[in-house]
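For reference, the structure is listed below as structure tokens.
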Amino acid sequence: MASIEIPDELFQRVREFQAVITALADKDITAEACTELILQQGLDSMLANLFGPQGAGAMLQTIQQLSVKYPKEVYQFIAEIIDAGESEIEKERVKNELGFHSPAA
């Protein structure tokens, strides 16, 4: 695992914030795990600030551009989202919108 250096004052804030995370998680958490969680949340928050105000068209273009550069990863990710979160009715709707029709019974 990589290590980073942060100012002592910032690390002290992280250590004190552990109490908040411990209260939310109902279990003790290490300073390292707390720091990792804070960094992940910070990255997610920054992406949300960057892309949140964008309209659906801009987000679609971003996904399309990503799929050109990383087709395997993007399409596999989309497939996993569909498999994990969609009901059978929703999957059928998506298939129909994409032009995939179930064979007639």
Side-chain angles (χ1 to χ4, degrees):
M1 185 180 304
S3 64
I4 61 170
E5 290 189 29
I6 61 174
D8 291 337
E9 297 82 21
L10 184 56
F11 185 68
Q12 186 59 35
R13 288 179 63 197
V14 170
R15 295 288 304 216
E16 299 301 331
F17 195 74
Q18 279 180 259
V20 174
I21 294 181
T22 298
L24 290 170
D26 285 330
K27 64 179 182 176
D28 288 333
I29 185 169
T30 66
E32 291 80 12
C34 183
T35 303
E36 183 179 341
L37 178 63
I38 290 169
L39 286 171
Q40 184 61 53
Q41 290 292 322
L43 291 170
D44 290 348
S45 176
M46 288 178 186
L47 284 176
N49 290 339
L50 182 64
F51 288 106
Q54 303 301 316
M59 295 305 296
L60 176 58
Q61 285 181 333
T62 299
I63 292 170
Q64 289 170 333
Q65 290 170 2
L66 278 170
S67 72
V68 169
K69 190 163 185 168
Y70 306 103
K72 178 180 179 182
E73 292 84 353
V74 171
Y75 299 142
Q76 184 62 41
F77 178 73
I78 291 171
E80 289 171 7
I81 288 173
I82 291 170
D83 284 343
E86 300 292 340
S87 68
E88 288 302 315
I89 294 170
E90 185 65 13
K91 281 184 190 178
E92 197 63 34
R93 184 190 65 76
V94 170
K95 286 194 294 188
N96 288 334
E97 286 181 8
L98 293 174
F100 296 96
H101 300 284
S102 299

Ala58 and Gln54 have their tightest heavy-atom pair at CB-OE1, 3.8 Å
Of all heavy-atom pairs linking Ala48 and Pro53, the shortest is O-CD, 3.9 Å
What's the separation between atom CD in Glu16 and atom CZ in Arg13, rounded to the nearest 0.5 Å? 11.0 Å
Applying side-chain contact (heavy atoms from CB on, under 4.5 Å) to Thr30 and not counting sequence neighbours gives Glu32, Ala33
Output the rest of the hydrophobic cluster of Phe51: all Ile, Leu, Val, Met, Phe, Trp and Tyr residues reachable through side-chain heavy-atom contacts under 4.5 Å, sorted by chain and number. Leu47, Leu50, Met59
Please give the remaining members of the hydrophobic cluster of Leu24, linking ILVMFWY side chains under 4.5 Å, ordered by chain and number. Val14, Phe17, Val20, Ile21, Ile29, Leu37, Ile38
Can a donor-acceptor pair be found between the side chains of Gln12 and Asp8 at a distance below 3.5 Å? no
One should read off an interatomic distance between Thr35 OG1 and Gln18 CD, to the nearest 0.5 angstrom, of 7.0 Å
Residues in side-chain contact (heavy atoms from CB on, under 4.5 Å) with Ser45, at least two apart? Asn49
side-chain contact (heavy atoms from CB on, under 4.5 Å) involving Gln76 - partner list, sequence neighbours excluded: Glu80
By side-chain contact (heavy atoms from CB on, under 4.5 Å) - contacts of Val68 (at least two apart): none
Is there a continuous path of hydrophobic side-chain contacts, each under 4.5 Å between heavy atoms, that joins Ile4 to Met1? no
Should Tyr70 and Ile63 be counted in the same cluster of Ile, Leu, Val, Met, Phe, Trp and Tyr side chains packed under 4.5 Å apart? yes
